[in-house]
Undergrad: 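Mind looking over this structure? Questions follow.
Within every chain, numbering begins at 1; the chains are lettered A, B, ... in the order of the sequence lines, protein sequences first and strands thereafter.
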Amino acid sequence: MSAPSQTPAAAGAASNTPSSTAPSASTTNADASSAAAALKPIQVKLVLLGEAAVGKSSLVLRFVNNEFQENKEPTIGAAFLTQKCKLDDKIIKFEIWDTAGQERFHSLAPMYYRNAQAAVVVYDITKAASLDKAKSWVKELQRQANPNIVIALVGNKLDLAATSRAVPAEEASAYATEAGLLFAEASAKTGDNVMDVFTEIAKKIPLEQLLASRGRAGASGASGAGAAGRVDLNAGPGGRNAPQGQCGC
Amino acid sequence: MSEPASPARPAMQRRRTMVRTDSAPCDLSDEASVASLSPPNAISAGPAWTPPQGPSPRPSLNGAHAARPSSVEERKSNIVARAGVPREESEDALHGELRSSDDAASNYSTASEGELPAASAAGKNSTVNAAPSTNTKYPTPLHLPPPLPSPQHTLLTNFRSPPSPAGALVSPNPMDHALLSLNLRMFWQWILCICVVAFDLDTGQALECVYPPIDFSEDERKNIAFSAFPDSNSTSHIGDSRFTFRMRSGHFTTELYRKQQPPPLADVNGASVASSPARGNVAGATGVDTLHPGAGLPVDTDGHTYGYVFFRQQRDTQLRRGYFQKSLVILSPHPWPGLFLDLIATLGPAYMDSLYEDRRAITMSSDLSYSTVSSVAKTLLETACFDIAAWPPPPSTLSSETTYIPIPISLPFLGTATQYSFPPNARFAQLMDGPPKGCLGATDPPAATNCTAGRFYELFDGSLELMWTAWELLLVGQSLLVVAETPQACSDIIWGLVELLKPIPFGGDFRPYFTIQDSDFKGIANRQRLPTTATILGVTNPVFTKVLEHWPNVLRAAKHVPAPALSEAPSANALGAASSRSRLSNPAPNINTFSPPSKSGLLSPFASMASRTSPPSNTTSNRPAPPHQKHHRAPAPDGVRIETITCKHKPFLHKDRALIKEVVEAAIRGKPTHILNNMLRRHFMDLTERFIQPLNKHFQTLVVGNSQSMTLSNIRARPEIRPFRQESFLELVDGLTAGKQSFLPVATKRPLKDLYRAFLLSPNFAAWLQHRTEDVFRDWRRRYIAVLCTHDVDAWARERLGDVARSPSKRTPIRRGSGAGDIECVDLILRVRDEVVKYAPYFAAAAAAASSSATAGSQASSSTSSSVPTSVPTTPAVSTPTPRPPPPVARPSITSRLSTAYLDLSTGAADAGWASTLCAAAPAPSSPGPVSVMGGVVPTAAQYAQLKMQLQRLVAVLPDDLRGSVLGMGRGARGGVGK
């Protein structure tokens with residue numbers, strides 16, 4: 001989705017049923033047969049980067065708890081959250097590292113994007129400078145992070161687009177295409193597009209590859225989390241897909 | 001904009017101006033946000049019976065925050081006051097509460113001095129750059145963050161070390177601004193603090209930084225500083241190493257963990273505060289009652305503090321003597337080397353690297369303002385602390401839910417979430433689920449890391465038969481000197497020994513790494529008598545073999561075949577930190593192996609290690625290592641191996657030759673190390689288990705009664721346990737050993753009775769007995785609390801009172817007649833009240849909300865107080881409450897409205913009034929109690945709410961005059977009724 005779509009918020013409203021049909025992951029099978037593999041959550045480390053106050057934590061909170069909090073206190077260090085999602089027949093467990101945006105924390109960033117399979121680089125569409133910072137993050141990621149990392153560029157605060165947009169969607173989109181990034185504009189406040197960002201990321205991650213590399217070592221400890229706390233990423237692009245409940249985080 | 005961080009001492013002048021200029025906008029925002037919370041409570045929270053200041057880290061609608069708005073103005077003036085202008089308003093505080101908030105505010109201003117760096121950064125930002133986001137991002141953490149209740153401010157500033165010469169070693173903390181939003185309550189449950197110890201060429205080791213600041217005694221400072229450094233030949237310690245030390249907890253730590261409250265603030269104030277005269281008193285008066293930052297969730301402690309050290313020594317030509325030497329120490333009350341050594345393996349190298357980064361930045365900027373750069377290392381520490389503060393609470397035997405299986409917890413730390421497995425109690429022997437992470441063949445996700453792993457195979461490889469000797473020595477409480485070359489080696493061995501004895505808890509004193517500088521050195525070493533019982537010392541300094549010549553048992557470590565650095569890399573955490581962690585692998589390997597020690601010459605090992613730094617050779621190891629080793633080298637002991645044990649102990653047991661053979665064969669077949677470890681561990685678990693079986697059996701006969709049959713009528717707070725009599729127990733052993741040769745898995749050489757006799761004399765027996773007793777007590781307490789919570793007190797009390805409540809006119813005569821029922825009721829009320837009071841500090845936040853609403857209700861009599869009903873979950877025992885607008889609740893009115901009283905019960909307001917009256921009359925517990933009381937249990941929040949509910953219900957059932965006297969009576973009456 002390369003265009004900043006004002007996603008119809010209602011579209012996903014009905015599709016937020018938890019994927020309760022998914023069988024429990026407790027049937028552990030030592031060998032990595034595809035059936036067993038599908039049930040075992042695939043861990044995906046995802047890191048959020050971006051300038052301070054662009055709304056990284058808010059995006060995560062929207063994704064994980066479907067909440068929004070005005071004037072959220074700045075993150076110190078990093079916050080860690082998890083969310084289980086279902087995509088097709090696979091269960092993905094996002095391990096989300098929501099980093100602090102302040103410059104003084106920059107030096108710690110490598111700890112967070114190291115071994116990450118996905119990164120969400122966030123900027124604020126009402127603040128042009130934040131896109132520059134985002135670009136420098138992208139550059140750093142492309143230089144130093146896992147070479148296969150899936151990067152999504154997200155312009156947050158879409159709800160302010162009408163009043164105070166400072167970054168034209170086309171500009172950011174063009175940059176994203178050029179740099180090979182996923183791109184979306186989203187609003188943590190309204191929830192627009194937030195799910196889609198993570199869905200697109202999940203789709204782009206080479207899950208088979210992850211599974212294959214993981215499967216060979218005997219699967220000993222499948223975390224038998226119930227199917228209740230999952231988000232169904234197949235629900236299609238629906239801005240306000242409400243995650244049901246929280247998963248252990 | 002990299003943020004200038006103050007080097008603390010030199011920056012005094014700059015600070016004040018900065019703080020003031022910058023505080024203005026923030027005050028505005030604070031005022032706005034705080035004012036919207038609940039202004040009227042500011043005063044009303046005062047006389048409440050619970051600590052009004054909840055330690056909750058987030059903004060919540062409780063009384064603590066209500067106190068805040070009034071303090072904003074004061075704070076400003078306090079800042080001014082601290083700058084030299086006298087403060088005006090300190091006298092006209094109306095209430096104790098108000099005063100304490102004032103106090104908090106004034107303390108806060110001290111904190112803001114320390115937080116200057118960020119403040120100045122913010123100041124710069126707002127002037128240089130008008131971008132809206134810079135404004136929003138700084139104020140909250142910097143200036144009186146609404147999320148943080150004032151107690152923490154008070155604490156932080158008060159525990160900052162005094163500006164004595166000694167205190168100067170600890171830098172006045174420039175990280176305070178972030179600390180202010182650190183959830184210390186959660187943080188302290190896991191660790192006490194992180195220290196940096198540096199080697200100063202002039203003064204020697206010294207604490208360079210304590211984060212968060214803790215008021216350590218001089219002895220503690222010295223112990224930490226010296227125990228964090230190798231104390232023997234320094235050239236053998238090039239590289240990185242990790243090890244553990246253990247020291248007796250000092251005053252602060254003891255108060256915090258054993259009593260779950262900080263020491264009286266007055267003490268600290270007296271020492272550290274010169275500038276604000278009014279503060280010391282107030283804080284001293286209110287501090288103990290109101291501040292329980294450590295309370296809230298229970299923490300197990302054995303009275304000792306564990307230091308987990310990462311030490312780095314490397315050549316550094318830029319330094320005067322050509323060496324960089326520094327240690328990072330995590331201090332914690334928990335004996336979980338698996339967890340903390342893992343953490344320090346992540347944090348340590350990253351921290352040291354960041355120091356270098358900082359230095360590079362300094363030299364690059366060629367700017368002498370050290371302050372602008374040191375932030376990388378500090379930011380890292382800060383981040384680590386915030387990670388830890390966000391963790392779920394650690395498992396504790398004190399919590400009301402206890403399991404008897406390992407507890408898995410996933411802990412995110414610096415970019416990696418790792419699964420750890422915790423022992424449910426201190427004597428639990430953990431088996432390994434799989435190869436440790438990072439090893440070849442590790443699964444993905446890797447098996448959980450054991451916090452207390454028994455890496456017996458690795459430690460005893462090549463000397464497996466010594467395990468039985470070691471086990472016996474430990475069992476009977478013989479002291480043991482462990483001589484190794486590096487702190488890492490001796491602490492690994494000592495952890496292994498302690499594990500070996502489980503599931504008997506090791507009851508003696510063990511010091512994984514002990515130096516001659518230790519404040520306990522004199523006590524342990526300098527006596528002309530036999531060694532204290534059951535003391536295990538890990539030492540590297542050759543002096544010990546001289547000083548402790550009279551110790552009969554010496555265990556010596558050999559250096560493992562040092563593996564090439566590559567194959568040892570897995571010892572580091574698998575994920576992340578690859579580059580920095582791999583450094584860990586070149587630590588000790590440079591050290592040479594011991595020469596084979598002759599059993600007579602105690603000093604010989606040291607003679608040979610004098611000055612060798614050459615790459616290690618494999619010449620002296622006793623046996624060639626089995627071939628598999630190279631593939632399955634396990635991480636922790638880092639090649640440490642036990643070589644000999646010298647002792648005068650005559651063994652009771654034969655070794656299990658079959659097991660040794662089996663293990664060796666399995667090793668040759670290439671079984672992974674964790675399997676070999678488990679094979680050995682299972683054997684010794686079995687051995688120990690069977691050894692204590694007779695004791696368990698005997699103990700069970702000593703417990704009188706059964707907690708399961710407890711009801712309200714035969715309630716009993718604690719069980720009766722008859723004393724343990726040696727003779728009768730030994731008779732039991734006689735009976736057991738009479739028929740068969742041995743009920744142990746190994747054959748015996750000497751009469752088992754003697755082994756038991758020796759065991760009964762050892763501290764291990766005492767520890768075992770204590771553990772068993774505590775278990776029984778806890779089970780009992782759990783049942784006791786459950787009975788108090790869930791039984792239908794209403795019906796029970798009515799029955800006791802003979803239904804007098806229904807016929808008020810006849811009340812008096814009947815009651816006189818059946819005094820026993822009254823007494824039973826009052827006794828029950830007091831029981832419940834005692835529990836409510838006792839656990840109040842653990843539920844301070846909820847209590848504060850309840851009490852503030854109760855008092856609010858009594859002020860505005862007609863308003864509905866809503867928070868009490870919501871905070872009290874509906875209890876199963878009672879019929880559904882009928883919420884009504886609460887009646888006017890002034891206490892005198894209670895007696896006049898008997899009939900409505902208990903209909904209104906569940907609306908909360910009236911009864912909260914009674915409950916709080918009743919509880920306020922109770923003697924405030926000097927400490928929350930359950931931790932220091934043997935076998936204490938902390939109820940869940942739901943249970944606590946139920947307890948309060950029950951109390952209200954009980955009081956409501958009472959007839960008027962009885963209630964009046966119950967409410968009226970305080971401490972004295974309590975003794976009279978007889979508990």
Undergrad: Once rounded to the nearest 0.5 Å, what's the spacing between atom CG of B/D358 and atom OG of A/S107?
TA: 8.0 Å
Undergrad: Would you say A/M111 and B/T416 make side-chain contact, with heavy atoms under 4.5 Å?
TA: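 Side-chain contact under 4.5 Å: no.
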Undergrad: Keeping to residues at least two apart or across chains, list the ring-ring contact (aromatic ring centres under 6.0 Å, His included) pairs with something in residues 113-155 of chain A.
TA: A/H106-A/W137
Undergrad: Testing the basics here: between A/W97 and B/F413, what is the closest heavy-atom pair and its distance to 0.1 Å?
TA: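 Closest heavy-atom pair between A/W97 and B/F413: CH2-N, 3.6 Å.
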Undergrad: Could you tell me if the side chain of B/D387 sits less than 4.5 Å from the side chain of A/F80, heavy atoms only?
TA: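 Side-chain contact under 4.5 Å: no.
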Undergrad: Could you check if a side-chain atom of B/T383 sits within less than 4.5 angstrom of a side-chain atom of A/Y112, using non-hydrogen atoms only?
TA: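 Yes, side chains in contact.
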Undergrad: Look only at the side chain of A/K45 and the backbone of B/A417, and say whether a donor-acceptor pair between them is shorter than 3.5 Å.
TA: no
